Structure formats: structure tokens, C-alpha cells
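Okay, so here's the structure we're looking at.
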Amino acid sequence: KGKYFALTARVGKENCARIGYNLSSYGTETLRLSMEAALSADPDLIIIPEWDEQNENTSLRPTLCNSFAYKRIMRYYTGRTRREAPAPLPGDDVAVPNLIVSFRKTMVLGERLNVELLNVPDTDRKEAYTVRLALKDVDGREVIAFPEAAFNAADLQEHRLTAPSEDFSAHPVLLPSVTVSRRGKVSRY
């Protein structure tokens, strides 16, 4: 009585200098699962620790690598707790799905490439679209092509794509190519 019930949600923590002192972000999965767990207990408040250390990847603020991904996810959960219909951010092109593509920027041989494709609802209209991810070399040649992933724009939905690094070890640099098919229109990014 007279006390607050608080839980935490977190982005992750990856400290390259301290072995075993990590909680990987797994794209956006750690943030999403910790938010879901906290919300399921109906707390008075949710604390999100943020140290803003770039080498540890603990910040929610926009960065070069995550852009506004966390803002869009937090906005989704905030709207959900308020029972508001999902809506696009001001200035968003609604013809482009609210899709977040996450992956580690560097790898070593023996690791698996793990790509997260995440649809964050910005509409409550059920609308299907597909995404095809390919990795290309610096000359634009396709090195790896993943199967097409189907999404519904009204659902928070993820697809995970993986590949062993041995499959592309001859290519020191790969560039992602994302093809979105929606409403009969094909867009490439």
C-alpha cells in the first residue's frame, strides 16, 4: 500500500571489453521481449536504463545504426497501453511499410549472420506485403538471397533470417538489398 510497482525493460548491453558482461540486443528483440514481460505484470512504471554509451549499444536515442527504430517501437507500446490505434509518424510516407531491418555490422568467420525483419504497426488496416532480403557484394552482384517474408502491416511481426558466415567468407563487405512488394508496387532499398 502506498508504494509503486516498477519493472525494467532494456535495449541490451554489449561490452566488448568485459567477457560475459553482455545482454545482446538481438536486433530489437531484447527491448520488445522485456517490454512485453514488464507490461504483462501491469506495473505503475517501467524503468528503461540508458547509459548512452555507443560502445555498449545501450541508448534508445537515434544513432546512425538504429536511426528511429527504438522510437517507433516505444511509440507502438505507448499507443498500445493507451488503447490508441496505430498511426504513422508525422511526415511518414504511408506507402512505405514501417519495417525495421537489424543486423550486426561486423562478424568473424564461424559466426552466423542473423537478420531481424520487424514490422511495427502504423495502421490497424490488415494489409499484406512481402519483403525479400539479399546481400550483394561491392559490385552489386547477389551473394546471398533469402526467401521472401510475408507481413501484415497491422501486426507487430518479426522474421529472422540466418546464414553461416562460411557461405560468404570470400566477400569482406556485403551490402543489404531490401525489396518490398506492397499494393502491387515493388520498391528497392
Side-chain angles (χ1 to χ4, degrees), residues 9-37 49-51 53-74 76 96-121 128-153 155-182 185-189:
R10 53 183 14 125
V11 172
K13 181 174 176 62
E14 291 136 359
N15 189 325
C16 59
R18 297 185 67 184
I19 296 173
Y21 195 60
N22 296 321
L23 172 62
S24 179
S25 298
Y26 298 111
T28 67
E29 187 177 55
T30 296
L31 175 60
R32 290 181 295 111
L33 292 181
S34 62
M35 278 297 290
E36 293 283 349
E50 178 182 38
W51 295 275
E53 294 183 26
Q54 292 305 307
N55 67 320
E56 292 182 346
N57 191 36
T58 56
S59 63
L60 280 171
R61 70 183 173 95
T63 66
L64 181 63
C65 292
N66 75 22
S67 185
F68 290 100
Y70 295 141
K71 174 182 180 176
R72 292 177 183 278
I73 292 167
M74 295 306 294
Y76 164 76
V96 177
N98 202 16
L99 179 72
I100 297 171
V101 181
S102 303
F103 53 90
R104 285 194 34 210
K105 308 303 179 258
T106 59
M107 296 179 62
V108 296
L109 190 60
E111 290 183 304
R112 291 187 66 78
L113 172 69
N114 186 347
V115 181
E116 176 191 71
L117 303 176
L118 177 70
N119 178 75
V120 181
Y129 72 93
T130 61
V131 175
R132 181 181 177 272
L133 174 71
L135 299 177
K136 297 182 177 184
D137 66 15
V138 293
D139 296 321
R141 289 186 296 262
E142 204 170 85
V143 175
I144 297 177
F146 294 96
E148 207 170 60
F151 289 93
N152 185 324
D155 296 332
L156 182 68
Q157 185 181 4
E158 121 184 354
H159 285 278
R160 293 255 169 203
L161 310 172
T162 63
S165 55
E166 296 81 24
D167 288 358
F168 50 87
S169 62
H171 304 276
V173 176
L174 292 174
L175 304 170
S177 173
V178 178
T179 303
V180 177
S181 301
R182 183 179 187 190
K185 181 182 173 193
V186 176
S187 302
R188 289 181 179 78
Y189 304 93

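Just so you know, these numbers come straight off a predicted model, no measurement behind them.
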On a heavy-atom basis, the closest approach of Ala150 and Gln157 is O-NE2, 3.2 Å
Among residues at least two apart in sequence or on other chains, which ones pass side-chain contact (heavy atoms from CB on, under 4.5 Å) with Arg160? Tyr26, Glu29, Arg32, Asn114, Glu116, Glu158
Any donor-acceptor pair under 3.5 Å linking the side chain of Asp137 with the backbone of Val143? no
Among residues at least two apart in sequence or on other chains, which ones pass side-chain contact (heavy atoms from CB on, under 4.5 Å) with Asp167? Pro164
Check the side chains of Asn98 and Tyr76 for a donor-acceptor pair under 3.5 angstrom, ignoring hydrogens and angles. no
Checking side-chain polar atoms at under 3.5 Å, does Arg10 have a donor or acceptor matched by the opposite partner on Ser34? no
Got a sec, which residues hit salt bridge (charged side-chain N to carboxylate O under 4.0 Å, His left out) with Arg188, two or more places apart in sequence or on another chain? none
Give the minimum heavy-atom separation between Phe146 and Leu161, together with the two atoms involved. CD2-CB, 3.7 Å
For Lys136 and Glu142, work out which heavy atoms get closest and say how close. CG-CA, 4.0 Å
Quick one: does Asn119's side chain get under 4.5 Å of Val131's, heavy atoms only? no
Go through the structure and list residues passing side-chain contact (heavy atoms from CB on, under 4.5 Å) with Ala149, not counting sequence neighbours. Leu117, Phe151, His159
Nearest 0.5 Å, what's the CG-CZ distance between Leu135 and Phe103? 8.0 Å
Heavy atoms of Ser102 and Ile100 approach each other most closely as OG-CG2, 3.7 Å
Glu36 to Leu156 - nearest heavy-atom pair and separation: OE2-CD2, 4.4 Å
Residue list, side-chain contact (heavy atoms from CB on, under 4.5 Å) with Val96, at least two apart or on another chain: Asp93, Tyr189
Looking at NE2 of His171 and CD1 of Ile144, how far apart are the two atoms once the value is rounded to the nearest 0.5 Å? 8.0 Å
Shortest non-hydrogen pair, Asp139 vs Arg141, comes out as OD2-NH2, 3.2 Å
Taking distance alone, no hydrogens or angles, what donor-acceptor pairs closer than 3.5 Å link side-chain atoms of residues 175-182 to residues at least two apart or in another chain?
| from | atom 1 | to | atom 2 | distance (Å) |
| --- | --- | --- | --- | --- |
| Arg182 | NE | Glu127 | OE2 | 3.2 |
| Arg182 | NH1 | Val94 | O | 3.3 |
| Arg182 | NH2 | Glu127 | OE1 | 3.3 |

